[in-house]
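A short worksheet on the structure shown next.
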Amino acid sequence: MIKKVVIVGGGTAGWMTAAALSRHLPKACQVHLIESDQIATVGVGEATIPAIRTFNAGLGIDEQEFMRETNATFKLGIRFQNWGELGEDYYHAFGFYGFPINDVSFHQYWMKMQQNSGAAPIHEYNMPYMASVFDKFEHKQFDNDSIASRYFYAFQFDAALYAQYLRKWSEAKGVTRIEGKVTEVSQHPDTGFIESVTLESGMRIEGDLFIDCSGFRALLMNQTLGIGYQDWSHWLPVNRAWAVSTAYENKDTPIPPYTRARALTGGWQWRIPLQNRTGDGNVFSEQFISEDQALDQLLENIEGKPMNEPRLLRFTTGKRDKIWHKNCVAIGLSAGFLEPLESTSIALIQGAILLLIRNFPNEDFDSATEHEFNRRMNIKYEESRNFLILHYHLTRRNDTDFWNYCRTMAIPDELKHRMDVFRHRGHTAHKNSDLFIEHNWLQVLFGQGMKPESYDPRVDVVEPQEVERLLSQMNKDVAQAAHAMPSHLETLAQYCAGDLISNRLSK
Amino acid sequence: MNNQEINRIIIVGAGITGVTVAAAIAKSLPHISITLIGDGDGHSEALSMLPQVHEFHRQLGLDEKELMRATQASFKLAQVYQDWNQTGHRFIQPYGPHGAVTEFVGFQHFATKQHHLGDKTNYAEYALGAIAAENNRFSHPQNDPNSILSTLAYSLHLDAGSYRQFLVDRLLSENVSFNPEGIVDVALDENSGFIQSITLENGEKLEAELFVDCSGKDAVLIEKTLGVGFEDWSGWLPANQVVSIAINSKGEVMPYTQVVGQSKGYLRHVPLLNRIQREFLFNSEEVSTTEAIEIITSGLSPNAISEPQMSEFHSGQRIKQWHKNCIAFGAAAGEFEPIEVSNVQWVQMAVKRFLNLFPDQRCDSALVKEYNRLTELELQHIRDFTLLHYLSVNRNDHSIWKNWRNLDLPETLNNKVSLFKVHGQLASYDEEVFNEGHQASTFIGLGMWPDGHDPFLDAFDLEELKQRFNYMRAAIREAVINMPGHRQYLENYLN
Ligand SMILES: Cc1cc2nc3c(=O)[nH]c(=O)nc-3n(C[C@H](O)[C@H](O)[C@H](O)COP(=O)(O)OP(=O)(O)OC[C@H]3O[C@@H](n4cnc5c(N)ncnc54)[C@H](O)[C@@H]3O)c2cc1C
């Protein structure tokens with residue numbers, strides 16, 4: 001049995017891993033985490049997808065406390081501006097379009113009705129979309145039978161505070177934190193397994209299993225074990241980001257329950273609303289626009305005063321060739337980075353932790369366990385990648401070289417297949433292992449203007465008047481339910497907010 | 001409506017496969033006119049289904065009672081393996097779960113840990129479905145999650161001939177017709193290679209936009225006409241012939257299908273209300289027909305049984321299930337030993353997938369590709385899961401078992417077996433038919449205990465877990481005592 005796990009790196013990945021392992025591993029196994037104050041964390045991962053709640057719930061975290069301590073807000077989706085074409089606006093919201101009728105998906109009926117203009121825009125049948133446009137949010141558990149509770153939510157939070165929160169939590173569970181910079185790694189002369197790491201101070205830390213959470217540098221996986229990197233930048237060409245924190249303009253500035261992703265000329269800009277500020281950033285491809293231009297764009301577009309010096313982050317989109325090798329597992333940026341558009345990084349961290357837990361090695365490090373972990377992680381990365389590429393490729397924009405490149409680039413066969421399946425009759429080529437499932441794909445496909453040639457013929461079995469009646473009922477129900485919801489601000493104030501929010505409400 | 005929609009379908013083969021496909025299409029797309037060519041085969045098979053059968057019936061709007069009355073049906077809680085690894089070995093594979101998952105940790109880990117500590121408790125004792133089956137009891141599952149009866153899951157045993165007739169009676173409308181004539185010619189479009197029409201023995205020529213090949217192993221359209229090949233799995237799955245008889249039975253009805261290992265193959269017993277269908281599966285190079293008949297009739301009084309019926313099958317899969325405007329189902333699309341999944345069950349799952357991707361006249365290649373991709377994954381899982389049952393067989397008495405042991409396994413199965421051996425985890429793939437708990441209990445039932453258990457189990461207090469699961473075993477025993485006998489339940493329910 002593994003007696004000692006050593007985690008190198010104390011960013012989001014490091015502390016999420018430490019927390020989960022300390023929560024679930026038997027007491028006989030120690031968890032150590034090494035982090036260096038000299039090396040900053042990336043710390044801009046602020047937007048999440050609903051899967052994060054499973055992670056937090058698995059730890060037994062109190063949601064209200066966690067939200068208060070990380071300045072968190074609720075997230076119902078992402079608002080995409082200027083993606084299909086300049087001036088267009090759509091949401092990828094965490095919920096479904098309407099209800100299926102006779103086991104056939106709602107959107108199939110909508111496609112038929114919409115041909116005869118007998119339907120509202122498709123997102124108006126989607127609860128979290130309607131709540132988002134009115135900046136509303138009600139804290140509810142998902143209920144598939146009730147249109148008013150048929151949505152999921154995630155969070156927008158301060159990543160540095162989340163790491164701190166998990167650190168406190170993990171230390172209380174017995175995780176040993178060691179401050180110091182790793183300068184040397186020693187390996188077994190025959191097997192190449194990592195035996196220990198040595199800090200600048202000379203302190204040597206031995207372990208059975210090493211988790212590389214050292215960020216982009218991949219200290220153990222790359223620098224020590226020499227595992228290479230698959231460069232995906234021909235598909236996801238963004239490679240830089242400027243990030244800044246921004247104050248709300250005034251206390252009436254709304255706090256939307258969604259993240260905004262506005263497409264620019266050589267990339268896109270995020271705006272993530274927290275309780276006390278927004279996080280903003282311009283993600284771009286330096287091949288198409290210069291770092292200076294990108295910074296100017298960022299500062300022009302933010303809606304309040306910057307609270308700190310903008311930071312430049314450099315990266316290459318892609319994935320490490322192997323994520324588990326010998327007695328080392330890479331989690332977080334050391335394993336790969338796609339890009340932040342759909343907030344997949346934290347979800348992939350969580351996915352890796354869960355798979356590691358499910359396939360936790362024994363002291364023999366059986367190759368079957370490593371193989372299964374790598375196989376499943378590859379699928380997760382590739383499917384997230386394909387979903388991201390879709391956003392760039394499915395555009396009609398031809399106003400800049402960047403968009404021309406994305407629109408015309410060659411895409412992975414699997415993504416092409418999925419688009420072809422959709423193009424014909426609006427079906428989604430489904431995979432069980434997906435991070436994103438049918439409703440996520442549909443929203444981006446429809447949102448960016450793809451129109452299937454025809455619809456599922458089973459739709460014609462239901463009388464058109466009946467379809468019309470059902471659709472208009474759903475549309476009404478969604479609007480009513482959204483209308484009845486409290487505002488996002490009110491929910492925050494009542495559920496989890498600190499002073500800032502209370503001040504906002506007391507005018 | 002798109003003006004290229006399909007309006008006419010010809011199904012070649014009117015056996016249980018053809019009728020199943022016709023019924024499903026007619027229910028979902030009633031405007032399509034469907035012609036079934038050929039006659040229904042006269043096999044008096046008994047079908048042993050999976051719990052997925054309920055979903056199919058629900059979609060067709062069939063009432064369980066009515067259907068069961070018409071098909072001499074019985075309930076199926078489990079599959080029981082007797083004399084499988086060797087004589088005397090027995091295990092029960094229920095459809096409901098064993099024990100309960102503790103947070104992330106599957107129940108098999110607790111059982112594995114206990115096993116290595118010397119606990120000899122039979123794994124079946126942690127599953128209500130298994131113990132009820134063992135005692136010939138049955139009851140429908142209950143919804144209340146606090147009741148142990150909520151852990152039951154069941155399926156059905158059906159008489160194939162009357163099931164086919166039931167589907168014919170209920171579902172076929174004025175848009176569905178039968179034509180018993182044989183086919184003499186098939187015409188293709190010169191440019192597209194699509195099938196245009198078929199000509200029957202009486203000279204009649206029938207056109208359609210979509211052709212469904214349900215002609216069994218003859219594969220009249222998909223292979224004989226379109227030339228799509230077949231991937232042979234007989235190296236992996238050695239049985240290729242089955243002989244079957246019906247045994248009259250008025251006694252208690254087993255709520256399970258029984259599989260009995262023999263030196264030269266294996267027997268299956270599928271219980272219906274008043275008969276047990278017995279099959280013997282073997283390899284025809286190893287066992288002669290006469291010998292097979294001797295084996296299957298041994299110990300039975302000739303008055304109590306029907307004439308033995310022989311049929312061949314060939315394990316493998318069609319390289320493409322769907323090609324151009326022709327799609328194959330049933331034996332024309334693939335065959336495998338019915339140890340866990342019957343071919344009819346597979347047809348139901350496949351036709352549902354087909355309806356979800358229903359094409360227009362052009363049979364768009366993306367849809368075809370997607371259907372074939374998913375079907376291949378599913379078949380691969382069925383093949384691997386069937387094959388898994390052979391891995392533990394420890395008989396030296398005949399070469400059907402001996403030759404088998406040195407084979408190279410498919411990579412997907414190898415991954416599964418070697419991962420499970422480490423500490424009881426399951427490699428998982430898309431489109432699997434059986435969930436992890438079911439797969440784990442098969443491994444364990446076959447005696448393939450993992451070397452270790454999930455280390456995360458050790459975070460829980462073992463004594464507490466033991467108490468909890470002992471309590472569960474007691475609750476299971478008590479529930480079974482209060483359950484009615486299967487025949488009694490059937491008589492009450494169906495009257
Ligand atoms: C522009 C951008 C935007 C993003 N937006 C999102 C988002 O909205 N949502 C989302 O989910 N994700 C987002 N991400 C990703 C997210 O930030 C990361 O996945 C997350 O921060 C995890 O990073 P990490 O812990 O792997 O690495 P880091 O944060 O880089 O942490 C590395 C750690 O390793 C330590 N370390 C390194 N070398 C040594 C050494 N030699 N000795 C000791 N310690 C060492 C450092 O001290 C640090 O603690 C974004 C990323 C970028 C670049």
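So that the names make sense, note that chain A is the first sequence line, chain B the second, and so on, each numbered from 1.
- B/Gln425 touches chain A through its side chain: at least one heavy atom from C-beta onward sits under 4.5 Å away, while N, CA, C and O do not.
- At least one side-chain heavy atom of B/His381 sits under 4.5 Å from a side-chain heavy atom of B/Phe434.
- Between chain A and the options B/Asn356, B/Leu374, B/Leu367, the largest number of non-hydrogen pairs under 4.5 Å is found for B/Asn356.
- No other option in A/His427, A/Arg23, A/His24 has as many heavy-atom pairs under 4.5 Å with chain B as A/His24.
- With a 4.5 angstrom heavy-atom cutoff, A/Ile2 does not touch chain B via any of its atoms.
- Using a 4.5 Å cut-off between heavy atoms, A/Val421 touches chain B through backbone and side chain atoms alike.
- Interface remark: B/Glu55 contributes no atoms to any contact with chain A (heavy atom separation under 4.5 Å).
- Using bins of under 30°, 30° to 60° and over 60° for the plane-to-plane angle, the ring pair A/Phe373/A/Trp324 lands in the perpendicular bin.
- Heavy-atom pairs under 4.5 Å with chain B were tallied for A/Asn102, A/Thr369, A/Asp103; the largest tally goes to A/Asp103.
- Heavy atoms of A/Arg423 lying under 4.5 Å from chain B are absent altogether.
- Classification of the A/Phe387-A/Trp441 ring pair by plane angle, with boundaries at 30° and 60°, yields tilted.
- Taking the side chain as every heavy atom from C-beta outward, B/Asp451 and B/His423 never approach each other to under 4.5 Å.
- Comparing A/Arg358, A/Lys27, A/Met1 by how many heavy-atom pairs each has under 4.5 Å with chain B, the most go to A/Arg358.
- Aromatic ring pairs are classed by plane angle as parallel below 30°, tilted from 30° to 60° and perpendicular above 60°; the pair B/Phe110 and B/Phe469 is tilted.
- Residues A/Glu370 and A/Asn374 meet the side-chain proximity criterion, which asks for heavy atoms closer than 4.5 Å.
- Comment: B/Arg58 does not engage B/Glu64 in a salt bridge, judged by the lack of any side-chain N to carboxylate O separation of less than 4.0 angstrom.
- Of all residues spanning residues 410-421 of chain B, those with a heavy atom less than 4.5 Å away from chain A's heavy atoms are B/Glu411, B/Asn415, B/Ser418, B/Leu419, arranged by number.
- Note: A/Leu33 CG to A/Thr176 OG1 = 9.5 Å, rounded to the nearest 0.5 Å.
- Contact of B/Leu357 with chain A is made through backbone and side chain together, with heavy-atom distances under 4.5 Å.
- Both the backbone and the side chain of B/Ser428 come within less than 4.5 Å of a heavy atom of chain A.
- Ring pair A/Phe193/A/Phe365 is perpendicular by interplanar angle, where above 60° counts as perpendicular and below 30° as parallel.
- Residues satisfying the side-chain contact (heavy atoms from CB on, under 4.5 Å) test with A/Glu463, not counting sequence neighbours, are A/Gln465, A/Glu466.
- At a threshold of 4.5 Å between non-hydrogen side-chain atoms, the residues B/Leu426 and B/Phe443 count as touching.
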